Amino acid sequence: MSSGASGSARTRYAILGCGSVGHAVAEDLTGRGKDVLILDRDESRVEALRDQDLNARVQDIADPDVVEALDDRDIVLILASDVEANKAAVSAVRDTGGDHYVVVRASDPVSEDELRERGADVVINPSTVIADSALQSLETGELEYMARQLAEIIEGGDGRMAILTHDNPEPDSIASATALQAIADAFGVEADILYSGDVGHQENRAFVNLLGIDLVARSDAPDLAEYGTVAAVDLAKSAEDGFDFDVDIDIYLDHLEAEVPFDARFVDVRTNVSSTSTILTKYLQEFDQSPTEAVATALLYGIRAETLDFKRDTTPADLTAAAYLHPFANHDTLEQVESPSMSPETLDVLAEAIQNREVQGSHLFSTAGFIRDREALAQAAQHLLNLEGITTTAVLGIADDTIYLAARSKDIRLNIGNVLDEAFSEMGDAAGHSTQGSLEIPLGIFTGIESSGDNRETLLNLTEEAVRRKLFDAFGVEGGGESGNGS
């Protein structure tokens with residue numbers, strides 16, 4: 001083959017077999033100013049192509065001599081409807097040692113495999129292409145339809161909108177709520193983002209503060225019945241026992257399916273994406289709303305946090321949403337959010353957890369003792385997950401007569417949320433999903449001893465032993481080893 005693809009020379013194309021598909025490709029390439037040669041065995045078709053000022057020759061593409069016409073061509077597109085002729089053409093090109101880039105048309109999965117075996121670089125099955133195009137059009141149409149419904153509910157509300165995040169909200173939930181608030185604002189509707197629990201994790205606090213996101217505690221907000229519209233985003237993680245609200249929910253958006261179905265006027269749950277932030281990004285695009293810097297930064301961080309910076313369960317939709325948000329986002333702010341300073345309390349908890357760790361197989365358990373900031377447990381569990389050979393971590397702490405445990409996992413065979421629920425649901429509140437979980441147990445359930453200054457260490461030892469044994473048993477490993485930094 002000629003070296004025409006190198007330097008500044010134009011790439012030269014050959015189309016073998018010029019039915020309706022080949023004709024459409026030839027017209028498009030020629031319209032772009034490409035050098036295109038068409039080979040087809042039908043003389044009348046070739047004459048018609050020449051009448052359209054296309055470079056066409058009569059040639060049976062199943063004849064091995066076809067390669068003689070391809071000597072100065074770089075890319076060969078074999079697009080006849082006769083698959084057997086296409087197979088012969090691929091073989092002819094490859095048998096002569098040609099290094100052309102070959103794209104060929106198949107008719108079914110069996111012929112796809114055979115054409116690849118014969119040396120085709122790319123195999124196209126028109127049926128698959130049509131099906132993919134139809135599904136893409138359906139997805140586009142469905143989003144347009146759902147966007148109209150969402151807009152009608154937002155505009156039809158009488159008064160302010162309440163947007164509920166899940167308990168102790170994290171980046172994906174906060175970012176999704178922030179985007180929905182911006183969408184409501186574009187329709188002339190003011191919205192409050194409401195949360196229960198705490199925004200405790202240092203990264204989450206930095207996230208909210210640096211972007212100026214206004215969150216309102218449920219205890220400080222008006223009763224939900226006073227809002228004209230009530231929306232909920234990303235609640236599945238904190239709703240294993242169902243949803244208990246005093247009013248009907250109008251809008252529900254999530255990327256996870258809740259164990260108990262969510263009843264709302266408008267529901268959009270997409271399990272084929274990895275973050276609710278991805279869903280809200282698609283709605284911004286559908287509404288043709290360019291995100292503000294704060295909203296774009298929040299959504300991009302929400303996607304990155306939920307996918308562990310695109311290392312976990314990332315889908316094409318997540319990537320395209322992130323690519324769309326990238327030019328709008330403030331990357332200096334993102335860096336500040338992702339690298340917040342560690343508080344002395346968190347540092348103390350992490351040090352205790354490292355010192356007291358016990359490892360059984362790839363599972364690590366540790367205790368941080370009596371703590372003031374329970375969110376520090378989650379950070380310690382996440383840090384310990386980086387230790388070599390560790391796939392699951394659990395860190396225990398005691399505060400306010402309550403046992404708190406934070407767990408993290410990167411073992412794809414394990415759902416850490418389910419493990420905690422099955423092991424401890426009868427004695428406390430367990431929540432979580434495949435990669436993270438949390439547990440709260442009244443202290444007296446394990447010990448029967450009331451906490452006081454004189455018995456704190458006894459309580460800690462009894463509690464640690466009981467939880468450790470039960471947890472390792474749930475993991476299916478021996479939990480009776482010596483405490484410390486064993487391996």
Side-chain angles (χ1 to χ4, degrees), residues 170 201 237 240 256 274 305-314 346-371 374-398 403-441 443 445-447 457 459-487:
E170 40 74 64
H201 195 293
K237 292 179 187 175
E240 275 72 11
L256 295 173
S274 293
E306 202 67 11
T307 61
L308 293 183
D309 212 9
F310 309 111
K311 298 184 184 76
R312 177 185 70 193
D313 302 330
T314 309
T346 301
L347 191 60
D348 289 343
V349 168
L350 180 57
E352 285 288 321
I354 292 173
Q355 177 65 31
N356 299 326
R357 71 191 187 278
E358 178 184 344
V359 177
Q360 297 290 338
S362 63
H363 308 292
L364 182 152
F365 174 84
S366 189
T367 178
F370 292 90
I371 60 173
R374 64 182 186 181
E375 284 296 324
L377 296 175
Q379 296 178 70
Q382 188 65 50
H383 279 290
L384 290 171
L385 197 60
N386 295 323
L387 292 177
E388 184 177 356
I390 298 301
T391 62
T392 307
T393 63
V395 182
L396 175 148
I398 298 176
I403 302 164
Y404 294 100
L405 184 131
R408 294 292 183 268
S409 177
K410 57 184 177 183
D411 187 343
I412 61 174
R413 301 165 300 175
L414 184 74
N415 185 309
I416 189 64
N418 288 346
V419 169
L420 294 181
D421 185 59
E422 291 169 6
F424 298 99
S425 61
E426 294 183 359
M427 57 189 69
D429 295 325
H433 52 90
S434 60
T435 61
Q436 64 185 54
S438 62
L439 177 66
E440 296 182 21
I441 306 174
L443 188 58
I445 283 183
F446 273 119
T447 65
E457 289 304 318
L459 275 174
L460 180 60
N461 292 335
L462 289 172
T463 299
E464 176 189 350
E465 179 68 12
V467 174
R468 180 174 60 84
R469 286 183 177 275
K470 196 167 185 62
L471 188 61
F472 277 135
D473 185 57
F475 287 143
V477 297
E478 292 294 330
E482 295 181 4
S483 295
N485 62 354
S487 60

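In this text the structure is predicted, and so the values were computed from the model without any measurement. What you see below is based on every heavy atom in this structure, not just the backbone, and it leaves out hydrogens, waters and symmetry mates.
D411 CG to T391 OG1: the interatomic distance, rounded to the nearest 0.5 Å, is 4.5 Å. Note that the CD atom of E440 and the CD1 atom of I403 stand 11.0 Å from one another [nearest 0.5 Å]. Note that the CZ atom of R468 and the OG1 atom of T463 stand 12.5 Å from one another [nearest 0.5 Å]. Between atom CG of residue L364 and atom CD1 of residue I390 there is a gap of 5.0 Å, rounded to the nearest 0.5 Å. Separation of atoms CG (L420) and CG (D429) is listed at 12.0 Å; rounding is to 0.5 Å. One finds the OG1 atom of T392 at 13.0 Å from the CD atom of Q360 (value rounded to the nearest 0.5 Å).
Counting only heavy atoms from C-beta outward, the side chains of L385 and K410 approach each other to under 4.5 Å. Inter-residue side-chain proximity for E464 and E358 is flagged as unmet; no heavy-atom pair is nearer than 4.5 Å. Considering only heavy atoms from C-beta on, S366 comes within 4.5 Å of N356 through its side chain. Using a 4.5 Å heavy-atom cutoff, the side chains of L377 and V349 are in contact.
When all heavy atoms of V395 and A353 are compared, the closest pair comes out as CG1-CB, 4.1 Å. The minimum heavy-atom distance linking G428 with I441 is given by the pair CA-CG1, 4.2 Å. Minimum heavy-atom separation, A394 to L471: CB-CD2, 3.4 Å. Across all non-hydrogen atoms, the minimal contact from S274 to T307 is CB-CG2, 3.8 Å. Of all heavy-atom pairs between I398 and L396, the closest is CG1-CD2, 4.4 Å. Contact between L384 and T393 at its shortest, heavy atoms only, is C-CG2, 3.7 Å.
In this structure S438 satisfies the side chain to side chain contact (heavy atoms under 4.5 Å, CB included) test together with A431, sequence neighbours excluded. Remark: Y404 pairs with no residue by the ring pair (Phe, Tyr, Trp, His ring centres under 6.0 Å) rule, at least two apart or across chains. Evaluation of the side chain to side chain contact (heavy atoms under 4.5 Å, CB included) rule for A474 yields V419, A423 as partners, not counting sequence neighbours.
Ring pair H363/F475 is parallel by interplanar angle, where below 30° counts as parallel and above 60° as perpendicular.
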